[in-house]
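Quick caveat: nothing in here was measured; it's all calculated off a predicted structure. Atom set for the values below is all heavy atoms of this structure, side chains included, hydrogens, waters and symmetry mates excluded. The chains referred to below are lettered A, B, ... by the order of the sequence lines, with proteins before strands, and numbering in each begins at 1.
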Amino acid sequence: MKKITLIDGNSILFRAYYATAYPGAKLMQSSNGTYTNAVFAFVGMFEKMVTSETTDVLVAFDTKEPTKRHIAYEGYKAGRTKMPEELGQQIPLVNQYIDLNGVVAYSKAGYEADDIIGTLAKQASAKGYSVDIYSSDKDLLQLVDEQITVHLLKKGMREVHDFTPEKLIETYELTHNQMIDLKALMGDASDNIPGIPGVGEKTAIKLLKEYETLENILEHQDDIKGKLGERIREHRDSAIMSKELVTIQLDCDIEYDVDSIAKKDIKTEDLIHFYQDLDLHVFVKKMEMPVKQEESKWNHIELKSVSELEDILNQDLSLHFEFSDYNYHKAELWGIGLSNGNNNYVISADVALSSIGFDMYLKDEKYQKYVYDLKAIKVFLLWNKLDIKGVSFDLLLAAYLINSHLGKEEFKRIVSNFYYEDIQYDDNIYGKGSKKALPEKDIYFHHIASKAKAIYALKDELIKNLKDDEQLDLLKNIELPLSEVLAEMEFEGLRVDKEELSKQKEGLNTRINQLEKEIIHLAGREFNVSSPKQLGEILFEDLDLPNGKKTKTGYSTNVDVLNKLQGKHPIIEKILEYRQLSKLYSTYIIGLEQNLFEDDKVHTIYMQALTTTGRLSSLDPNLQNIPIRTEEGRQIRKIFIPKENHLFLGADYSQIELRVLASMANVKKLIEAFNNHEDIHTKTAKEIFHQDEVDSEQRRAAKAVNFGIIYGIGAWSLSEDIHVSPKEAQRFIDDYLNLYPEIKTYMEDIVTYAKENDYVKTIMNRRRYIPELKSSVYTQRSFGERTALNAPIQGSAADILKKAMIDLYRYLKKENKKSKILLQVHDELILDVVQEELEEMKEIVPKMMRKAVSLKVELETSCDVGKTWYDLK
DNA sequence: CTCATCACG
DNA sequence: ACGTACGTGATGAGA
């Protein structure tokens, strides 16, 4: 017997949306800002309704056009809240999804989804087919018959109630025909159907059990006593009209019939791209699981001996080093893939590292090498006393320059962005989390070789792409050389004074324990001081302090809130101190200990392809957020020391971002002030306040505006920052932009440019795409506009320091200096300097930084020397 | 695994 | 009426 499936698309879609859109939750989005929560949930539901067994299926949708119900009754569905914009955007995507599955999505003006389903269901039932209807709308229960089952979705797909005629009687004590009359009597608030006021489900069922039909009830209306009888007599017309409205139409004039809705083949490739575009990667993985067994059409060649390896080392190759862990300082090398575009090889770490020929090959600049993540390879080789030269292409860096959002992605996703699909997800090969392990050798060797193959295959295309975008210099002259600089910095590491570390650990530990006792005492009961939830209950319930409920999970207890409560209760200052100290203890003392290597150093990893602006980031440990703003925190810096008898030298740019802005926007007054070495915040304050002398508050306000401008300021946030009314804040901004009119022009121009081109760029042609600018959601679009302002400034500053690092590194190498660059913190460099080079370094380091690029303003640097990091002030 | 919090430029 | 500054990483709590 033929079996057909009919799906109430609208109802399911709403369920899908609201299942994942509860108030306060952030809706799921793709990386470019498209909302995907409804698509995501819809896919999950669809996969359960439409399986490989399904042969005939149609998904019905409503249209925006009025139906005859609207015409018959102008109040029909009146007062419904409009569909949220975030959901509306996803409707075309869901339609596309259904189509890619080979399934008909159908709607027709003048009909509702119910009517289309009803018509097809009854047609099928008459032909003896069996029918499954999926919806979350009870109205459809009137369609149930011996052939037709209605599956009502409750919560998501977790609970489904299957209604057959028997089930209907069991649940409502009514037949399917009576379901119409039930609704006619009850009415339906959500569709604005009146029914008979005062008659709810209970009364309606009672009436129907006695009289069977609405018509019969009305015929016997005079027999019904009391208030109920009165109501029925008074609202009989309303009941009749309601019945018309809730009756599903079974004779729609539609283009499909039950024999023309056969499911077609799934468009697998397109569906994968659909998922990828929306960042719905779980579904991609799911689809590719079975494909995994299907071998690629090429075989990898394992080079089993040193001589087999050395035989191929007479050519340019792509090389891929596969590590067991993202932290390559301590990772194991699982193998190396090599490819020349024709053959794809793989070797074990043992064979590779014991080959002198391989060592020679790596160092030989004559052979070009193409890699993925040069810095990782370089650091690994340094730990193994090896080196690599002649690398002319790095897939990771190239992809990152083409689109900075790609840097965060894994190998598979990067290459599939360039439509290269012959690659598996790492998770599918190795498993993930604690389950990560090596599978059979053939499987993972193939995987490693496939990466080398991909690098070789994509190299020319990506280089051409970079050339077209005028970014090849950025790769060749900045990012690739920088990889080498960073690799040496990471490998060199930062020395830790273990005595100082344990001294501070002890001190903090004692104080934290003491504070904890005092806090518990003041609170009057035991609780976990580190739990914001429990702390909120103590403060705002037990102690009844004035509060603002802020976060979606409960009370906010962050430092702003606590500061406002200062003085209201002695517990507050204790908590503030506890917070500060436990931050220092767990993040900087314990965190540091955990990252300490046997050489008593920490070896951070600079992520070179991660940020969307071009900055670096640092992890394991993060050395770019070591405390400095409070004296307490700053003490942590005493833990970091140079080599024996050496010194630290720190040099930083002063106001590099404002200078970049002044130069890019050609702001005359700013350029003049900078070139006259004036204090820029004081200068700005004087101009805004029209005074020759300004106080520190006024300078602070001017500084806040200067900063705010860089971030794409709003009056509201500025007012919060400098504690004035939003109105006053707006006046500051207006005055500021009048004072520096070029900034205003720049802000307008850059946003226009971004909207036209979809990206903004830095002085070195680093790009950031801003898809949010196209969003119809206000907050998204505003974010895009601020990004358009900020990214070129932050990114250009990053470019400049990168260039300075390369210049300095080359100088140190060429002149055979012992001093070494150790750290980079966005606008500053820290070097380990040997005494005899100190005077020269104090001269050369700031100079190289100042001369890294030539702007319309001079760059200024300051420079300090000290015995610990703390002493650099 | 997500959230709230807080450290940096 | 809306929602409220750019870029990061690490931690403990709690689901």
Side-chain angles (χ1 to χ4, degrees), chain A residues 24-26 85 404 408 432-433 527-536 550-562 575-576 578-592 594-595 604-607 610-630 632-634 636-637 652-657 661 704-722 726 729-730 733 768 770 777-795 797-798 801 823-828:
Chain A
K26 195 172 170 343
E85 169 64 30
S404 57
K408 293 184 177 70
K432 70 181 204 178
F527 75 107
N528 185 344
V529 187
S530 301
S531 159
K533 184 168 173 276
Q534 296 179 35
L535 180 62
K550 262 186 34 188
T551 68
K552 59 186 157 197
T553 44
Y555 304 107
S556 171
T557 65
N558 70 22
V559 70
D560 287 338
V561 173
L562 294 180
I575 291 167
L576 282 164
Y578 176 91
R579 280 264 173 90
Q580 196 200 358
L581 299 186
S582 36
K583 177 79 177 182
L584 297 176
Y585 183 78
S586 49
T587 305
Y588 297 104
I589 301 289
I590 301 301
L592 208 61
Q594 285 167 350
N595 284 297
T604 190
I605 293 176
Y606 288 106
M607 298 302 285
L610 183 141
T611 73
T612 45
T613 53
R615 276 190 173 184
L616 303 175
S617 84
S618 155
L619 48 84
D620 286 2
N622 181 355
L623 293 176
Q624 291 181 319
N625 72 348
I626 304 299
I628 191 168
R629 291 174 192 173
T630 65
E632 273 307 352
R634 193 172 190 157
I636 296 286
R637 297 187 168 216
D652 63 285
Y653 286 113
S654 79
Q655 273 120 30
I656 187 167
E657 292 191 345
L661 172 63
V705 184
N706 273 331
F707 268 103
I709 289 293
I710 292 170
Y711 300 143
I713 199 166
W716 192 89
S717 336
L718 180 64
S719 74
E720 285 282 292
D721 191 16
I722 58 176
Q730 187 57 54
I733 296 172
R768 168 158 181 179
I770 313 177
V777 180
Y778 170 81
T779 46
Q780 287 290 317
R781 215 170 42 248
S782 306
F783 169 75
E785 287 165 6
R786 294 194 295 272
T787 305
L789 288 172
N790 175 263
I793 300 172
Q794 192 182 111
L801 184 52
L823 298 172
Q824 191 256 37
V825 194
H826 309 308
D827 65 352
E828 67 174 318

Heavy atoms only, 4.0 Å cut-off, all strands: where does A:F783 land among base, sugar-phosphate and nothing? sugar-phosphate
Would you mind classifying the nucleic acid contact of A:D721 as base, sugar-phosphate or nothing, using non-hydrogen atoms under 4.0 angstrom? base
Separation between OG1 (A:T604) and CG (A:L623), nearest 0.5 Å, reads 4.5 Å
Smallest heavy-atom separation, A:Q624 atom then A:Q824 atom, equals NE2-O, 2.9 Å
Report which part of the nucleic acid A:Q655 touches: base, sugar-phosphate, or nothing (heavy-atom distance under 4.0 Å, all strands). nothing
Using a heavy-atom cut-off of 4.0 Å across all strands, would you classify A:T612 as base, sugar-phosphate, or nothing? sugar-phosphate
Checking all strands, does A:R579 fall into the base, sugar-phosphate, or nothing category for heavy-atom contacts under 4.0 angstrom? sugar-phosphate
The side-chain contact (heavy atoms from CB on, under 4.5 Å) partners of A:L576 (sequence neighbours excluded) come to A:V559, A:L562, A:N563, A:Q566, A:I572
For the atom pair NE2 (A:H826) and CG (A:L801), what is the distance rounded to the nearest 0.5 Å? 10.0 Å
If the condition is salt bridge (charged side-chain N to carboxylate O under 4.0 Å, His left out), which residues does A:E720 pass it with, not counting sequence neighbours? none
Separation of atom CG in A:N790 from atom C1' in B:dG9, rounded to whole Å: 12 Å
Just wondering, more than 12 heavy atoms not from A:F707 lying within 6.0 Å of its CZ? no
Check every atom of B:dG9, B:dA7, B:dT5 against the side chain of A:Y711 and return the nucleotide holding the closest atom. B:dG9
Give the rounded distance in Å between these two atoms: CD of A:Q580 and C1' of B:dC8. 14 Å
A:I605 side, atom CD1; A:S617 side, atom OG - distance, nearest 0.5 Å: 10.0 Å
On DNA chain C, reading 5' to 3', which nucleotide is the first and which the last to sit with an atom under 4.0 Å from a heavy atom of chain A, could you check? C:dG3 to C:dG14
Rounded to the nearest angstrom, tell me the gap between atom CD1 in A:I575 and atom P in B:dA4. 19 Å
Tabulate below the donor-acceptor pairs under 3.5 Å that side-chain atoms of residues 527-535 of chain A make, not counting sequence neighbours, or state none.
from: A:N528; atom 1: OD1; to: A:S530; atom 2: N; distance (Å): 2.9
from: A:S530; atom 1: OG; to: A:Y578; atom 2: OH; distance (Å): 3.0
from: A:S531; atom 1: OG; to: A:K533; atom 2: N; distance (Å): 3.4
from: A:S531; atom 1: OG; to: A:Q534; atom 2: N; distance (Å): 3.0
from: A:Q534; atom 1: OE1; to: A:N528; atom 2: N; distance (Å): 2.8

Heavy atoms only, 4.0 Å cut-off, all strands: where does A:G591 land among base, sugar-phosphate and nothing? sugar-phosphate
A:N622 side chain reached by A:Y588 side chain, heavy atoms, under 4.5 Å: no
Numerically ordered, the residues 613-628 of chain A set in heavy-atom contact under 4.0 Å with DNA chain B is A:R615, A:Q624, A:N625, A:I626, A:P627, A:I628
If you measure from the Lys or Arg side-chain nitrogens to the Asp or Glu carboxylate oxygens, is any gap between A:R579 and A:E632 under 4.0 Å? no
Can you check the distance between C:dA5 and B:dA4, where both ends of the measurement are the P atom (answer in whole Å)? 16 Å
With C1' as the reference atom in both, quote the distance from B:dC6 to C:dA1 in angstrom, rounded to an integer. 32 Å
When all nucleic acid strands are considered with a 4.0 Å heavy-atom cut-off, which category describes A:Q534: base, sugar-phosphate, or nothing? sugar-phosphate
Write out the stems for DNA chain C, ordered by first number and formatted as range with range, counting runs of at least 3 consecutive Watson-Crick or G-U wobble pairs under 3.5 Å. B:1-9 with C:6-14
Using 0.5 Å steps for rounding, measure from the CD1 atom of A:I793 to the CD1 atom of A:I656. 12.0 Å
For A:G712 and A:R786, which heavy atoms make the closest approach, and how far apart are they? O-CD, 3.0 Å
How many whole angstroms separate atom CZ of A:F707 from atom C1' of B:dC8? 12 Å
Rounded to whole Å, CG of A:N558 lies from C1' of B:dC6 at a distance of 9 Å
